[in-house]
Every structure is written in structure tokens, then in C-alpha cells.
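Throughout, a chain's letter reflects where its sequence line sits, starting with A, and its residues are numbered from 1. Note that the structure is predicted; figures quoted are calculated from it, not measured.
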There are 2 protein chains.
Amino acid sequence: MENNHIEVIAGMLKTMSHPIRLKILCLLQNKEMTVGDIREEVKTTNANVSQHLSILRNQKIIGFRKEANFIYNRIDDVRVLELMQTMGKLYCQNAGE
Amino acid sequence: MENNHIEVIAGMLKTMSHPIRLKILCLLQNKEMTVGDIREEVKTTNANVSQHLSILRNQKIIGFRKEANFIYNRIDDVRVLELMQTMGKLYCQNAGE
DNA sequence: TATCTATTTAGCTTTTTACTTTAATAGCCG
DNA sequence: CGGCTATTAAAGTAAAAAGCTAAATAGATA
């Protein structure tokens with residue numbers, strides 16, 4: 001792992017390392033969701049969700065699709081998707097804990 | 001992924017998401033190293049390396065072994081080790097980028 | 001014991017981050 | 001058009017983290 005890789009990966013990890021953002025990524029693993037949908041699950045304000053979504057968007061982790069006056073968010077970065085799966089396996093399905 | 005998992009994983013990601021700490025974890029993937037060894041590679045001060053090592057230790061990601069007046073650090077958390085490998089594969093060896 | 005090296009601790013300053021509130025934008029539908 | 005909804009943007013405050021410096025500890029060796 002070279003130095004510029006380190007920087008890139010550290011940036012991505014930092015973006016993912018906030019509980020709300022991580023939960024959003026979890027929710028988006030299987031489906032698209034609007035800000036309102038996400039707010040329901042995460043139990044915070046629309047503004048807060050929107051802020052976190054735009055941080056995820058800046059990192060190119062998620063993308064969106066507009067329809068009427070809803071915006072449907074989805075995970076765009078396949079590597080992040082794979083990483084989420086690995087973490088799920090390591091932290092949620094194994095014996096220890 | 002349930003909520004307490006989210007918190008645990010987010011904490012771990014946050015710990016890993018600092019460039020110096022990520023680099024330290026990289027270096028420790030294959031071998032043990034002392035603070036001095038690490039300082040050479042990371043190009044900072046001993047105090048700074050030591051600070052980051054203790055953050056990694058608090059998260060139980062790394063452990064150490066004392067010998068004479070050197071402390072040899074190593075990765076203790078197997079899950080983190082596996083995560084590092086996955087990230088290496090996704091971000092360093094594949095085509096896109 | 002005195003001194004060197006490796007390591008840790010503590011205090012301090014600066015920067016970053018999170019969250020809230022409030023206001024603005026933009027598309028739908030009566 | 002006018003009001004409704006969903007969403008975003010901006011600004012402010014409070015809390016956390018980063019990195020530096022200097023000092024303290026602890027073991028090894030002369």
C-alpha cells in the first residue's frame with residue numbers, strides 16, 4: 001500500500017466512520033431511499049441526514065436519482081459495498097463477541 | 001447490522017481513518033516494529049507515533065511485547081487484519097482508479 | 001551511580017467536526 | 001398562482017481531535 005493509497009483509503013474510512021453515515025450505508029446496501037425514508041430509520045432531522053448524504057456524495061460513495069420531488073439515494077462505489085459486506089461478516093456473524 | 005454493531009464498527013473505522021495510524025497498521029501487517037522503527041517510516045516524532053500507538057492500543061487493535069528497552073508492536077485484532085487485506089485488494093490491485 | 005536511549009505523559013494551540021436553527025430552493029398539485 | 005412537500009444551504013456554537021513541545025519514566029550499560 002503506497003502513500004497516496006493510504007491517503008485515499010483514510011479519507012474514505014473517515015467518511016464511513018460516523019455512526020449516522022455508516023448506518024445510512026447499511027440501509028442503502030439493498031435499496032434506494034429518500035432523505036425522508038432515511039430520517040425515519042436514523043431518527044434525526046432531515047437537515048442532518050441531508051448533510052451526511054452530501055458528505056457521502058462528495059466522497060463519490062453514493063449517487064442519486066431524481067423523481068418528482070423525491071431524490072432516491074443509492075451506493076455508487078462498489079468497493080465500499082464490498083467493504084460493508086466484509087465488515088458485516090467479520091463483526092456480525094462470527095462467534096466471538 | 002444492528003445498532004450496537006454500528007457503533008462498534010464506526011469506532012474502529014474512526015481509529016483506522018487517520019493516515020498515520022493507517023500507515024502504521026500497514027507496516028505492522030507483516031512484522032513487529034518498535035516506535036523508533038515506525039518513526040523512520042512515517043517521518044514524524046516519537047511522541048506523535050507513540051500517541052497514535054496508544055490510540056490503536058485503546059481500541060485493542062494492536063498489542064505489544066517488551067524486550068530489553070524496546071517495545072515491539074503488533075496487530076492483535078484479526079478482523080482488522082482481514083479488513084486491511086480486503087482494502088488492499090480493492091484499492092491497490094484492481095484496474096479502475 | 002551516572003548516563004544514554006526508548007517510550008510515555010501532560011499541557012497547550014489550532015483546526016476540524018457535529019449538530020442545530022433558520023432560511024432558501026425547487027418541483028408538485030389544488 | 002399559492003401553498004405544500006422534500007431537500008439543500010448557510011451560519012453559528014460547542015465539542016473533539018491533531019500535532020507540537022517539554023518533561024517524566026524506565027530500563028540498559030558503562
With sequence neighbours left out, the residues meeting side-chain hydrogen bond (donor to acceptor under 3.5 Å, both in side chains) with A/Asn46 are A/Arg39
Residues 30-50 of chain B vs ring pair (Phe, Tyr, Trp, His ring centres under 6.0 Å), sequence neighbours excluded, gives none
Going 5' to 3' through nucleotides 19-30 of chain D and flagging B where a protein heavy-atom sits under 4.0 Å of the base, S where only the sugar-phosphate is that close, and - otherwise, we get BBBB----BS--
Chain A reaches DNA chain C, atoms under 4.0 Å from its heavy atoms, from C/dT16 to C/dC28
### Query
At under 4.0 Å between heavy atoms, what does B/Arg57 touch on the DNA or RNA strands: base, sugar-phosphate, or nothing?
sugar-phosphate
In short, ring pair (Phe, Tyr, Trp, His ring centres under 6.0 Å) pairs touching residues 56-83 of chain B with sequence neighbours left out are none
To the nearest 10 degrees, the angle between the two end axes of the helix from C/dT1-D/dA30 to C/dG30-D/dC1 (five pairs per end) comes to 10°
Across all chains, not counting sequence neighbours, the salt bridge (charged side-chain N to carboxylate O under 4.0 Å, His left out) partners of B/Asp37 are none
Sequence neighbours excluded, the answer for side-chain hydrogen bond (donor to acceptor under 3.5 Å, both in side chains) partners of A/His18 is none
Residue pairs meeting ring pair (Phe, Tyr, Trp, His ring centres under 6.0 Å), one or both in residues 29-48 of chain B, sequence neighbours left out, come to none
5'-most contact on DNA chain C (nearest-nucleotide basis), A/Arg21 vs B/Asp37, goes to B/Asp37
Sorted by chain and number, sequence neighbours left out, salt bridge (charged side-chain N to carboxylate O under 4.0 Å, His left out) with B/Arg74 holds for B/Asp76
What one should report as the nearest heavy-atom pair of A/Ala10 and B/Leu22 is N-CD2, 3.7 Å
note: A/Ile55, atom CD1; D/dA10, atom P; distance rounded to Å ~ 14 Å
* Remember a base hit wins even if backbone is also touched, and classify B/Ser54 as base, sugar-phosphate or nothing at under 4.0 Å, heavy atoms. => nothing
Whole-Å distance, A/Glu40 CD to D/dT7 P, equals 11 Å
- Do A/Met33 and A/Glu41 touch side chain to side chain, with heavy atoms closer than 4.5 Å? yes
Tell me whether the side-chain N/O atoms of B/Lys14 come closer than 4.0 Å to OP1 or OP2 in D/dA17.
yes
Would you mind writing out the side-chain donor-acceptor pairs for residues 55-62 of chain B within the sub-3.5 Å range, not counting sequence neighbours?
| from | atom 1 | to | atom 2 | distance (Å) |
| --- | --- | --- | --- | --- |
| B/Arg57 | NH2 | B/Asn73 | OD1 | 3.0 |
| B/Asn58 | ND2 | B/Ser54 | O | 3.3 |

For A/Gln51, the side-chain hydrogen bond (donor to acceptor under 3.5 Å, both in side chains) test, sequence neighbours excluded, returns none
